[in-house]
Structure formats: C-alpha cells, structure tokens
Amino acid sequence: MRHFISISACAYEELRYLLDVSRRLKKQHKDTGRNEPLLVGKTLALIFEKPSLRTRVSFTVAMNHLGGSAMMLRDEEVGLDKREPAKDVARVLSGMCDGIMARTFAHAKVIELAKYATVPVINGLTDFSHPCQAMADLMTIEEHFGTLKGRTLAFIGDANNVARSLATACGRFGLRFILATPSAYRLPADDVDRIMAQVPELDFVMTQDPLEAVREADAVYTDTWVSMGQEAEKAQRLMDFQGFAVDERLMAAAPRHAIVLHCLPAYRGYEISDGVIESPNSMVFAQAENRLHFQKGLLAVLMAGSRVI
Ligand code: CP
Ligand code: NVA
C-alpha cells in the first residue's frame with residue numbers, strides 16, 4: 001500500500017491490518033498514555049480546499065502522537081491547479097515532506113497528486129469519496145459489537161461521498177449496506193455498477209423507504225443533505241429530503257440495539273434530530289474520536305514502513 005485514495009484499491013488484508021494497527025495504538029494510548037514514536041522527524045503536509053475540523057485535527061494530533069509533525073496548507077495559498085499544477089505541487093512536497101494529505105473538490109486532483117508524488121498521498125475527502133471516515137466508522141462499529149461480518153448498516157439521506165466509501169468498506173468487510181434516498185437523489189447506475197465491480201460480494205440494497213431501511217439495522221448512519229460545494233442547492237435539497245431525517249420516529253422502527261452514526265458536522269433538525277444525536281444509542285463522538293485512532297494506524301503503516309508494531 002503506497003497511497004490511501006480509495007478503499008476499493010486496498011485488499012481486505014490491508015484494510016484489516018490498518019484496523020488492527022489502529023486498535024493497538026489506541027489501546028496503548030488509552031492504557032498507558034504513551035505513544036509509539038514511529039514517525040520522529042517526519043512531516044505530513046495537509047492541503048485543504050474545503051473547511052475541516054475532524055480531519056485537520058486528527059491528522060495533526062496523530063502526527064504529534066507518533067513523534068512527527070503536520071503542516072497545514074490552505075488552498076488559498078497553495079492554489080492546486082490554480083497557482084501551479086497539482087503535479088508540480090506533488091513533486092515539490094515530495095522533496096521536503098514525508099506524506100501528503102489532501103481534501104479537494106475534484107477527486108481527480110487527489111489522483112493526480114498520487115500519480116506524481118514519491119511520498120504517500122492520503123484522500124482526506126473529495127466530492128467523490130471519504131475513505132478515512134468510512135474506516136473510522138467500521139472501527140467504531142467493530143468496537144461496539146465485537147464483529148463486522150454479517151452486520152447491517154443503513155445509510156439514510158444523500159448518496160454522497162461518505163455513502164460511496166461506506167458501501168465499498170461494507171463490501172470488503174462483509175456488512176450489508178442499505179441505502180435509503182429520495183428517488184431523485186439515488187446513486188446513479190454507473191456508480192452502482194462500479195461499486196459492484198469493485199466489491200462483488202457486497203449485499204447492497206437501495207430503497208426510497210427509510211422506515212424499511214432501518215428495520216434490521218445494527219447501525220443507522222446519516223450525513224448532511226448539503227455537502228460542501230452544494231450550498232447553492234441548499235433550499236431545494238432541504239425540501240427534497242423531507243421524510244429522510246434520522247429522528248425519534250425513524251429510530252422507533254429500528255432494532256433497540258441499533259447505534260446511530262454521523263460523520264459530523266451535523267445539522268440538528270435537518271438530517272438528524274437533537275434528541276437522536278444526544279440519545280444513549282448515539283456513537284457519534286466515539287466515532288469522531290476514532291478518526292484520530294484510525295489516522296494514527298494509517299500514518300504508521302504508510303510512513304513508518306517495517307517499524308509498525
Ligand atoms: N467528518 C469529517 O471529515 O469532518 P471534517 O469535515 O470536520 O474534517
Ligand atoms: N458529505 C459531507 C461530509 C463532511 C465530512 C461533505 O462532503 O460536506
């Protein structure tokens with residue numbers, strides 16, 4: 001594994017190893033307060049074309065814990081494909097840094113960075129996918145239930161970047177993935193075909209009925225109806241997604257043991273109610289914390305080579 005751009009590019013064994021290393025580093029940190037100095041002297045460049053709380057903080061703290069450092073580069077300054085070509089940025093950063101994490105609008109920019117970089121490139125969210133989020137989410141589900149295989153994840157709302165990465169992650173780890181969207185926002189057929197070609201083993205159900213979707217769910221997941229970059233569509237989307245909120249009415253149709261997940265930031269009163277996000281079944285803050293622990297495992301595997309515990 002040289003880069004981490006998509007879950008589908010990784011074999012099950014590689015993804016399993018990432019979760020195992022992340023879990024070990026988390027346990028060591030929780031039990032002893034100490035961290036493995038696996039990345040002493042190494043620097044990770046963070047490029048953001050979009051805002052962030054969790055991704056920025058988790059990568060920065062992860063590098064600190066592992067003995068290295070992270071450098072925040074706002075795209076207003078870097079100007080990927082504006083001030084200079086992404087392929088030049090990739091080679092300049094490769095000469096000075098040990099890894100690049102990029103959050104971009106166009107997925108093609110992260111691919112271009114990876115094509116030209118000689119250091120690992122990590123996808124920190126694009127319009128197309130959010131693989132680090134999906135892996136932290138599986139880590140959270142596994143911690144809670146003890147297993148992944150055979151579990152059911154119901155994603156309610158927009159068939160967006162997070163949903164796409166979760167679909168592939170569920171396929172790799174043997175979870176059933178149920179996607180409930182309004183019909184005008186369902187996953188396009190070419191996306192479905194691509195996902196099924198990448199993870200033919202995925203048990204993938206698509207529906208327009210959120211109540212039906214959660215009936216057998218172990219985890220009920222939602223995300224904003226208006227992703228970064230879709231602000232101009234906000235008024236229309238808020239109307240179109242009526243009936244798709246993860247609220248008390250929807251959770252009453254889910255099994256009592258079902259946990260609630262949200263990648264955050266959450267818009268209470270829209271895709272999720274305040275009562276549900278604050279309920280005992282909500283795991284959203286454990287899920288957010290796992291962004292740090294998964295990032296540590298990922299950075300250790302990608303950047304520390306054979307010294308990973
Ligand atoms: N979930 C997530 O990626 O959060 P940020 O946009 O705050 O990084
Ligand atoms: N789908 C959301 C995820 C934010 C972490 C977005 O792209 O804005």
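Start at 1 and go down the list; that is how both ligands and their atoms are numbered.
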Heavy-atom distances under 4.0 Å decide this one: backbone, side chain, both or neither, for Lys50 against ligand 1?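 Under 4.0 Å from ligand 1, Lys50 contributes no heavy atoms.
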Please work out whether any backbone atom (N, CA, C, O) or any side-chain heavy atom from C-beta onward of Leu264 is under 4.0 Å from ligand 1, and answer side chain, backbone, both or neither.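 The backbone, only.
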State whether the shortest distance between N or O atoms of [X] and N or O atoms of ligand 2 falls below 3.5 angstrom.
{"X": "Asn160", "result": "yes"}
{"X": "Leu264", "result": "no"}
{"X": "Asp223", "result": "yes"}

Among all protein heavy atoms, pick out the one at the shortest distance from atom 6 (C) of ligand 2; state its residue, atom name and that distance to 0.1 Å.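 The closest one turns out to be Ser227 OG, 3.3 Å.
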Quick check on contacts: which atoms of ligand 1 are under 4.0 angstrom from a heavy atom of [X]?
{"X": "His130", "answer": "2 (C), 3 (O)"}
{"X": "Arg291", "answer": "1 (N), 2 (C), 3 (O)"}
{"X": "Leu53", "answer": "5 (P), 7 (O), 8 (O)"}

Suppose we screen for side chain to side chain contact (heavy atoms under 4.5 Å, CB included). Which residues come up paired with Ser279, at least two apart in sequence or across chains?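 With sequence neighbours excluded, Ser279 shows a side chain to side chain contact (heavy atoms under 4.5 Å, CB included) to Asn281, Ser282, given in chain and number order.
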Within 45° of the six-membered ring axis of Phe145 and under 6.0 Å from that ring's centre, is NZ or CZ of Arg151 located there?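 Satisfied, under 6.0 Å and within 45°.
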Side chain, backbone, both or neither: Leu125 near ligand 2, heavy atoms under 4.0 Å: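 Side chain only; the backbone of Leu125 stays clear of ligand 2.
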Does Asn161 approach ligand 2 within less than 4.0 angstrom via side chain, backbone, both or neither, non-hydrogen atoms only?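 It is the side chain that touches ligand 2; the backbone stays farther off.
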What residue pairs, at least two apart or across chains, pass side chain to side chain donor-acceptor pair (under 3.5 Å) with a residue in residues 199-209?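 Of all non-adjacent pairs touching residues 199-209, those that pass side chain to side chain donor-acceptor pair (under 3.5 Å) are Arg176-Asp203.
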Which class fits the ring pair Trp225 and Tyr270: parallel under 30°, tilted 30 to 60°, perpendicular over 60°?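 Because their plane-to-plane angle is over 60°, the rings of Trp225 and Tyr270 count as perpendicular.
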Tell me whether the rings of His29 and His293 are parallel (<30°), tilted (30 to 60°) or perpendicular (>60°).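 Judged by the thresholds at 30° and 60°, the geometry between His29 and His293 is tilted.
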